[in-house]
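Quick notes on the structure that follows.
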Amino acid sequence: MQPTLFITGATSGFGAACARRFAQAGWSLIISGRREDRLQELADELSGQTEVLPLVLDVRDRAAMETAIANLPEQFSSLRGLINNAGLALGTEPAQVCDLDQWDTMVDTNIKGLLYSTRLLLPRLITHGAGAGIVNLGSIAGNWPYPGSHVYGATKAFVRQFSLNLRCDLQGTGVRVTNLEPGLCESEFSLVRFGGDQARYDATYGGASPIQPEDIAETIFWILNQPAHININSLELMPVSQAWNNFAIHRE
Ligand code: NDP
Ligand code: 8X3
């Protein structure tokens with residue numbers, strides 16, 4: 001039987017690239033996200049290579065997540081992998097003036113949505129046992145502060161600590177957990193963050209040779225295909241063009 005992988009946020013960026021990478025290797029896929037047309041297109045594209053189950057799901061909707069996961073078809077019921085990828089950043093304004101609704105959305109998606117998929121799918125990963133694994137999408141923003149990161153970075157710091165804590169509880173089950181912490185990657189992420197501002201998107205990535213979604217997919221494929229006795233706890237990656245800036249000093 002082919003291994004099965006559940007991906008949240010598979011309609012673009014890292015999630016879609018992961019679906020393509022794992023399909024190439026014959027993994028069965030459960031792909032989820034809110035945009036039904038994109039999910040269906042991806043399912044159609046990959047269905048010649050492997051079994052694909054598209055699930056239109058908003059990770060913030062706990063009841064919908066519970067129903068969908070409780071009713072997974074038998075052939076998708078034992079999971080070898082979960083990629084908790086659905087997530088977003090909204091805005092870059094300073095905390096003191098930013099939109100409180102954006103904070104709610106980031107907390108509900110990046111934290112609560114990830115908690116729902118993790119808790120609801122863990123029994124199915126444990127059924128698989130040795131070799132199963134979760135890859136959570138953390139970020140360098142969970143490790144390093146920068147202006148305008150406030151709640152986005154804090155949600156990713158939550159994801160990092162939750163990932164490490166999970167490992168303690170899962171000891172003995174064979175299930176692995178990795179927090180992947182990428183830096184600048186080119187995807188719709190920045191269009192979403194900048195409210196669709198294409199010029200700002202172009203300026204963010206221009207001349208920077210950012211990481212591409214396919215690079216992330218290859219990294220996750222490597223993580224989930226490590227020998228069953230190896231756990232990659234966390235992995236931070238940046239494009240070569242990105243590094244840390246000096247500590248900022250405000251002068252009167
Ligand atoms: P994209 O914007 O390309 O993809 C985000 C995905 O998340 C989409 O498929 C979107 O699907 C899904 N999503 C968003 N909200 C929800 C929701 N409420 N329910 C279900 N799905 C949702 O961004 P990336 O691929 O770049 O980002 C993926 C992850 O990686 C995120 O968690 C992000 O924080 C993280 N990350 C990104 C970095 C970057 O520089 N790009 C760097 C480090 C981490 P849909 O809209 O159809 O629901
Ligand atoms: C996305 C990376 O640096 O834009 O998580 O916060 S960054």
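First listed ligand is number 1; within each ligand, the first listed atom is number 1. Heads up: numbering here begins at 1 and tracks the sequence.
Listed for the Arg38 side chain is a donor-acceptor partner under 3.5 Å among the backbone atoms of Thr11. Between the side chain of Asp215 and the main chain of Gln212, a donor-acceptor pair closer than 3.5 Å is present. The closest donor-acceptor contact from the side chain of Asn85 to the backbone of Gly9 lies under 3.5 Å. No donor-acceptor distance shorter than 3.5 angstrom exists from the side chain of Thr50 to the backbone of Leu46, with no hydrogens or angles considered. Within the 3.5 Å criterion, the main-chain N or O of Leu184 finds no donor-acceptor partner in the side chain of Tyr205. Without hydrogens or angle criteria, Ser187 side chain to Gly13 main chain gives no donor-acceptor distance under 3.5 Å.
Atom 1 (P) of ligand 1 has Ser12 OG, 3.4 Å as its closest protein atom, hydrogens excluded (heavy atom only). Protein heavy atom at the shortest distance from atom 38 (C) of ligand 1 is Phe14 CZ, 3.6 Å. The protein heavy-atom contact nearest to atom 15 (N) of ligand 1 is Arg34 NH2, 3.2 Å. With hydrogens left out, the protein atom closest to atom 9 (O) of ligand 1 is Thr11 OG1, 2.7 Å, a heavy atom. Of the protein's non-hydrogen atoms, the one nearest atom 34 (O) of ligand 1 is Tyr152 OH, 2.7 Å. From the protein, the heavy atom lying nearest to atom 29 (C) of ligand 1 is Asn85 O, 3.0 Å.
Tested against Thr178 for a side chain to side chain contact (heavy atoms under 4.5 Å, CB included), the candidates Ile223, Ile83, Leu224 yield a single pass: Ile223.
Considering backbone and side-chain N/O of Asp58, one or more are found under 3.5 Å from N/O of ligand 1. Looking at ligand 2, you won't find any N or O of Gln242 less than 3.5 Å from one of its N or O atoms. Close N/O approach between Tyr205 and ligand 1 is not found [any backbone or side-chain N/O within under 3.5 Å]. For ligand 1, the polar-atom distance check finds no N/O of Gly138 at less than 3.5 Å from any of the ligand's N/O atoms. Considering both main-chain and side-chain atoms, Pro182 never comes within under 3.5 Å of ligand 1 through any nitrogen or oxygen pair. Residue Gly9 has at least one N or O atom closer than 3.5 Å to an N or O atom of ligand 1. Considering both main-chain and side-chain atoms, Leu184 never comes within under 3.5 Å of ligand 1 through any nitrogen or oxygen pair.
Heavy-atom distances between Gly183 and ligand 1 reach below 4.0 Å in at least one pair. Using 4.0 Å as the threshold, Lys156 has a heavy atom nearer than that to some atom of ligand 1. Residue contacts with ligand 2 include Ile140, since one of its heavy atoms falls under 4.0 Å from the ligand. Residue contact annotation: Ala17 has no non-hydrogen atom under 4.0 Å from ligand 1. Under a 4.0 angstrom heavy-atom cut-off, Thr8 registers as lying outside contact with ligand 1.
The atoms of ligand 1 that sit less than 4.0 Å from any heavy atom of Gly13 are 3 (O), 25 (O). When each atom of ligand 2 is checked for a heavy atom of Arg193 under 4.0 Å away, the hits are 4 (O), 6 (O). Close approach of ligand 2 to Ala141 (heavy-atom distance below 4.0 Å) involves ligand atoms 6 (O). The Tyr152 neighbourhood of ligand 2 comprises atoms 1 (C), 5 (O), 6 (O), with distances under 4.0 Å to a heavy atom of that residue. Near Leu57, with a cut-off below 4.0 Å to any heavy atom, the atoms of ligand 1 are 19 (N), 20 (C). Atoms of ligand 1 lying under 4.0 Å from any heavy atom of Glu188, numbered from 1 in the order shown and given with element: 2 (O), 3 (O).
Contact annotation: for Val59 versus ligand 1, heavy atoms closer than 4.0 Å belong to both the backbone and the side chain. Under 4.0 angstrom from ligand 1, there are no non-hydrogen atoms of Arg38. Residue contacts with ligand 1 for Asp108 are absent, since no atom lies close enough (heavy atoms, distance under 4.0 Å). Heavy atoms of Ala10 found under 4.0 angstrom from ligand 1 belong exclusively to the backbone. With a 4.0 Å cut-off on non-hydrogen atoms, Lys156 does not touch ligand 2 at all.
Ring orientation note: the planes of Trp103 and His150 are tilted relative to one another, at an angle of 30° to 60°. Aromatic ring pairs are classed by plane angle as parallel below 30°, tilted from 30° to 60° and perpendicular above 60°; the pair Phe162 and Phe158 is parallel.
The closest heavy-atom contact to atom 24 (P) of ligand 1, among the options Ser117, Ala141, Ser139, Ser187, comes from Ser187.
Environment of CD in Gln242: crowded, with over 12 heavy atoms of neighbouring residues, nucleotides or ligands closer than 6.0 Å. Other residues, nucleotides and ligands place more than 12 heavy atoms under 6.0 Å from the CZ atom of Arg35.
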Quiz prompt | Val56/Arg34 under side chain to side chain contact (heavy atoms under 4.5 Å, CB included): CA gap, chis, key distance, verdict | solution = CA-CA 5 Å; Val56 180; Arg34 292 168 300 175; 5.6 Å; no
Quiz item: Given Ile249 and Arg251, is the side chain to side chain contact (heavy atoms under 4.5 Å, CB included) satisfied, shown in steps?
Solution: CA-CA 6 Å; Ile249 296 173; Arg251 298 180 197 282; 3.9 Å; yes
Practice problem: May I have the step-by-step check of side-chain hydrogen bond (donor to acceptor under 3.5 Å, both in side chains) for Asn179 and Ser234, ending in yes or no? | Solution: CA-CA 5 Å; Asn179 192 49; Ser234 60; over 6 Å; no
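No hydrogens or angles considered: nothing links the side chains of Thr219 and Arg21 as a donor-acceptor pair under 3.5 Å.
Taking the centre and axis of the six-membered ring of Tyr152, the NZ or CZ atom of Arg193 falls inside the cone set by 45° and 6.0 Å.
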